[in-house]
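To start, the structure itself, in structure tokens.
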Amino acid sequence: MNRTSNAENVIMTTCHDHCCSVCLLKLHVRNGIITKVETDDGPEPQNRACARGRAYRQYVYHPDRLMYPLRRTGRRGEGKFERISWDEAMDTVASEIKRVKDTYGAASNILLCSCGDVGWLHNGGLIDRVLVHAGGYTGVLGNVSCEATWYASMAHYGTDNLVTGNTRDSLLKSKLIILWGWNPVVTKGYGNTHYYLSLVKKANIRVIAVDPRYTPTAQLLADQWIPIRPGTDTALLIAMAYVIITENLEDQGFLDKYTIGFNKFKTYVLGKEDGLPKTPAWAENIAGVPPDTTVNLARLYATSKPAALMDGWSVGRTAYGEQFHRAAATLSAMTGNVGIPGGSAGVGATSEVNPILDMGGYVSARMSGGDNPVHRAAPLRKDSLWAGVFYKKKMAGGDIGSQLFYSGGPTTAYLNRVCVADAILKGRAGGYPADYKLLYMVTINWLNQYANTNKIKEALRKLEFVVAQEQFMTPTAKFADIVFPTNTIVERNDVTWGALEPFYGYMNKAIASLGESKSQFEIAAGLAAKMGFSDFSDKTEEEWLRQIIAGCKDIPNYDAFKRAGIHRLVDSKPYVAFEEQIQGGKPFPTPSGKIEIYSQTLADLAEPGLPPIPKYIETWESIKDPLAKKYPLQLISTHSWRRTHSKFDNIPWLRELEVQAVVINPADALARGIKDGDMVRVFNDRGRMIIAARVTERIMPGVVEISEGAKYDPDVNGIDQGGCPNVLTKDIPSPGGGFCGNTALVQVEKAQRGHK
Amino acid sequence: MTQMGFYFDQTACINCYTCVVACKDWHDVPAGPASLIRVSTIEKGKCPEVSIHPMVNLCYHCGKPACVSTCPMGAITKREEDGIVVVDREMCQGKDNCSLCKDACPYDAPQFGAEENAKMQKCDFCFDRLAEGKKPACVDACLMRALDAGPIEDLRAKNGDIRETEGFVYGDECMPSIVFKPKKDTKRLIVQKVVVAPPTS
């Protein structure tokens, strides 16, 4: 029995899913069919794929893959469609885009893209190119995952990219690691995280987890778990600052040399500004952490240098989450841990842009449309409420990660990603710059993955025309008028980068496109032709990729790169964010040239929600909110092993691993008569669901957890049976612009049998 | 005779299921009740003093496998050259007719799919991969490098001869071929009062 016969080809390729790690896949292909998936077995550091990557075969060949263009025949959301030809589907979409533009103006067309199955060539930027040529469209600003970190990084460090993270090998030099809302063994999150964490484990480095949950990362590494109420993390950090200041443990030399505004922060912390000293007892009342624990944590952190305070994005996804990341960066500076191996600059514990590789080819050869007339025609954004002033910087600096979607400058024409449903429902009458009529979506499961599912449904019903480019009939695609079936990363060629690792990935075409599905490049080119855009592209897919790679000086040979699947830089050094400022004396790119614990730019904005120094601001829907009487539990939405956001939710090998459940502490369960495995109702004024309960001590009392990405599946009464937490989340952005999915109050009750 | 076996580092496992999916892909096992390798966790303590012990369950290719002697059809055999316990599924009578191997094995190694009269299947140590100089699919998949496989004497020499850990009892009567790095309860770095907030309702 030989399962790898010689008739098989083994094709080296990489994943590129929305975990933003890029892992090696070795696809065994026989007679044009993928028969097995292996992963990296070369020299360490191997880039081993997780369960999601290993299940790719079931993803590609899933019986529910969309094979043909579809036209809606039932009501929006009902899921009734008929097969039509590509010609007819594209004609319809092209004429609708033109009709909406001619009738209402180009700003009434919205483009909404995400990163579920994209690369440097095949992504939403291609449709941006088509729509810009057609007169423009309304785009969206903001990053659902980590807008608060962008904001904090720009305010505190003056960066125009999110490059605040060290490469993971830096953790091996730490004497203390604090996992603050950071659970990378599940999220993966930028880089070969598991490999380096396995070395951290062997090195016996001290680790503390501060989190409402005892996460799998805490299980692996933490010597101790400090539970904390969601949305109160900034208070605990500030109380730690109080301890460090009052015990004279701060690194005053570092603060004097590299920062401005520490004294203003100190004044606030000590209570000289508002008469309220931010003592550990003050924080206990907010965060629920005993004062002794806070004192000891602060002392341990201040005296264990280098120490890495890894402030995860999840906490940034609470109301006022930008304050959390700025407070973490302030503590990192107070302890002199910025810019040194083993330390951390704070602000999200990662870099969204790879600081190691030459990304020149990506920037020069990308296929976005350039200047968007809709964005250009609107006034520049000068307000603060969602980070206007900093976006200007972000634009000017060239945000590689997001540039595709941000053409035309930081103007008021853009919608915050969190507010798209509100904008569609209210339009000009609600203060938005246009009335929105058409929505074009590229690989985005919007109603499942964005706050307030029920409101998004309403918005989708209001639109005149909806297009979705998708691989599956997602809950969102069910609302589309036309669905374009998109192929997967193994059915086309593309390239990508290794997140925070020194390598590039080549995503090889291993098999022909299934059914009539097409690549994003083919779809955009076809649509461009229908819209009279004759010079959309003068190159083939292959020629584009060659041009992109020719611009990346690290890659000497395109063909060798394509065969290997990964091109790794041999002599890459560990990357430490801001090393050149701290070790090399270069100024920080802030107005003052220093780390801005106090930001004059923010002071000038005079926006109470965005103070110039990091401050604790009580969130809406905190446990002190009167609403907590009705909805006493804080909901957090987390990541699951078996999905990357909503992708892979339908994969049998992954579905069977864990039951979608609301995770609840035994004390809260007992008070409600709930036993492990019972069906329960979770609800608030925004939505309701029926879901299984998982009763465990791995979550603190007062908090419940539902992992995001489960498929929204409403019954006839609109009650979700699928376990999609966004039926419960609120679609108001934080003042810094961020998504606040981890700030929501709910109630949980035992469901009566047979009654939903 | 060489006896193949496994090493499991209980301190490093994160119960991420990558071994489970890699195994199902390699052996073409569909989603369903049969899984040649399973992972689980044992939870102890109360918030915030919680500890989790992960465990991996598969066939431990016992020195004295209870399944081999119990099978009335002689479908289960232990390979002379490496001690790997294999089943000839053609010879198995199927779960509707017999479950003696399942009843005999203390480790739940014999697995049955959802299909009618499913034939027994179990971990075969990926002997096809072994023949190509590779380790079993689960070992090569493990993100945390918590699993290893090879001659049990080599694994014992390298990792010590610890045969039991939280969640696993060594059965003298069958002699499972696995050694562990056991997980101990975590130490505390800083003083922490055990505070459990009153339940909210």
Side-chain angles (χ1 to χ4, degrees), chain A residues 1-4 36-39 41 48-51 54-55 57-58 185-186 194-195 197-198 201 206 208 214 216-217 219-220 222-227 288 290 292-293 296-297 299-300 623 632-633 641-642 652-657 665-668 670-672 696-702, chain B residues 9 11-22 24-33 35 39 41 43-54 126-129 131-132 134-135 137 140-146 186-201:
Chain A
M1 183 165 54
N2 186 349
R3 297 190 190 102
T4 52
K36 304 223 176 294
V37 178
E38 287 186 280
T39 191
D41 54 8
R48 293 188 180 185
C50 70
R54 301 302 296 266
R57 188 153 64 101
Q58 286 197 335
V185 305
V186 175
H194 293 96
Y195 171 72
L197 293 184
S198 74
K201 179 75 194 173
R206 295 186 295 179
I208 290 184
Y214 189 66
T217 310
Q219 166 197 322
L220 172 73
D223 301 293
Q224 187 158 353
W225 171 35
I226 301 173
D292 287 354
T293 304
N296 288 319
L297 176 63
R299 285 179 188 155
L300 186 67
I623 56 163
L633 297 166
W641 297 114
R642 61 180 182 85
W653 280 336
L654 298 170
R655 272 194 88 78
E656 68 180 356
L657 298 176
N665 183 276
D668 293 323
L670 185 67
R672 290 164 176 76
T696 168
E697 295 284 353
R698 299 179 213 193
I699 192 157
M700 69 185 288
Chain B
D9 181 351
T11 70
C13 175
I14 52 174
N15 41 281
C16 68
Y17 308 107
T18 306
C19 54
V20 176
V21 175
K24 287 206 161 188
D25 180 65
W26 187 260
H27 293 280
D28 270 324
V29 178
S35 190
V39 292
T41 60
E43 176 180 309
K44 293 197 296 184
K46 282 178 92 72
C47 167
E49 305 286 329
V50 178
S51 69
I52 308 291
H53 289 79
C126 290
F127 63 80
D128 55 339
R129 293 173 62 88
E132 294 176 17
K134 293 177 175 177
K135 300 231 168 174
D140 277 349
C142 182
L143 298 180
M144 301 309 297
R145 287 70 168 167
T186 50
K187 60 185 177 286
R188 300 285 162 236
L189 290 178
I190 56 181
V191 177
Q192 176 165 272
K193 285 185 207 157
V194 178
V195 176
V196 177
T200 54
S201 56

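Lettering of chains follows the sequences in order, A, B, ..., and the numbering in each one begins at 1.
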**Prompt:** Would you say the side chain of B:Cys16 lies within less than 4.5 Å of the side chain of A:His194, judging by non-hydrogen atoms?
**Reply:** no
**Message:** Is A:Trp641 in contact with chain B via its backbone, its side chain, both, or neither, using a 4.5 Å heavy-atom distance?
**Reply:** side chain
**Prompt:** Are any non-hydrogen side-chain atoms of B:Cys47 and A:Trp225 less than 4.5 angstrom apart?
**Reply:** yes
**Request:** Would you check if the side chain of A:Glu697 reaches a backbone N or O of B:Glu43 as a donor-acceptor pair within less than 3.5 Å?
**Result:** no
**Fill in**
Turns out that what part of B:Cys13 lies under 4.5 Å from chain A's heavy atoms comes down to backbone
**Prompt:** If you count heavy-atom pairs under 4.5 Å with chain B, which of A:Val37, A:Leu300, A:Leu654, A:Thr39 comes out on top?
**Reply:** A:Val37
**Item:** Test item: A:Gln58 and B:Val21 side chains (from C-beta on) under 4.5 Å apart, heavy atoms
**Value:** no
**Structural part of B:Val39 lying under 4.5 Å from a heavy atom of chain A** = neither
**Message:** Taking B:Gly32's backbone N and O only, do any of them form a donor-acceptor pair with A:Glu656's side chain (distance below 3.5 Å, no angle check)?
**Reply:** yes
**Test item: B:Arg145 side-chain N/O and A:Ser198 main-chain N/O as donor-acceptor pair under 3.5 Å** = no
**Request:** Check each atom of B:Ala131 against the heavy atoms of chain A and say whether the ones under 4.5 Å are side chain, backbone, both or neither.
**Result:** neither
**Message:** Given heavy-atom pairs under 4.5 angstrom as the criterion, report whether the side chain, backbone, both or neither of A:Thr696 touches chain B.
**Reply:** both
**Item:** Non-hydrogen side-chain atoms of B:Lys134 and A:Glu38 separated by less than 4.5 Å
**Value:** yes
**Per-residue contact mode, A:Ile623 against chain B (heavy atom under 4.5 angstrom)** = neither
**Request:** Quick one: which of B:Asp140, B:Ile52, B:Asp28 has the most heavy-atom pairs under 4.5 Å with chain A, could you say?
**Result:** B:Ile52
**Item:** A:Leu220 versus B:Ala12, closest heavy-atom pair with distance
**Value:** CD1-O, 3.3 Å
**Request:** Could you have a look at B:Thr41, B:Val20, B:Asn15 and say which one has the most heavy-atom pairs with chain A under 4.5 angstrom?
**Result:** B:Asn15
**Request:** Mind listing the closest non-hydrogen atom pair of B:Cys142 and A:Arg48 along with its distance?
**Result:** O-NH1, 2.7 Å
**Request:** Give, as side chain, backbone, both or neither, the part of A:Arg698 having an atom under 4.5 angstrom from any heavy atom of chain B.
**Result:** both
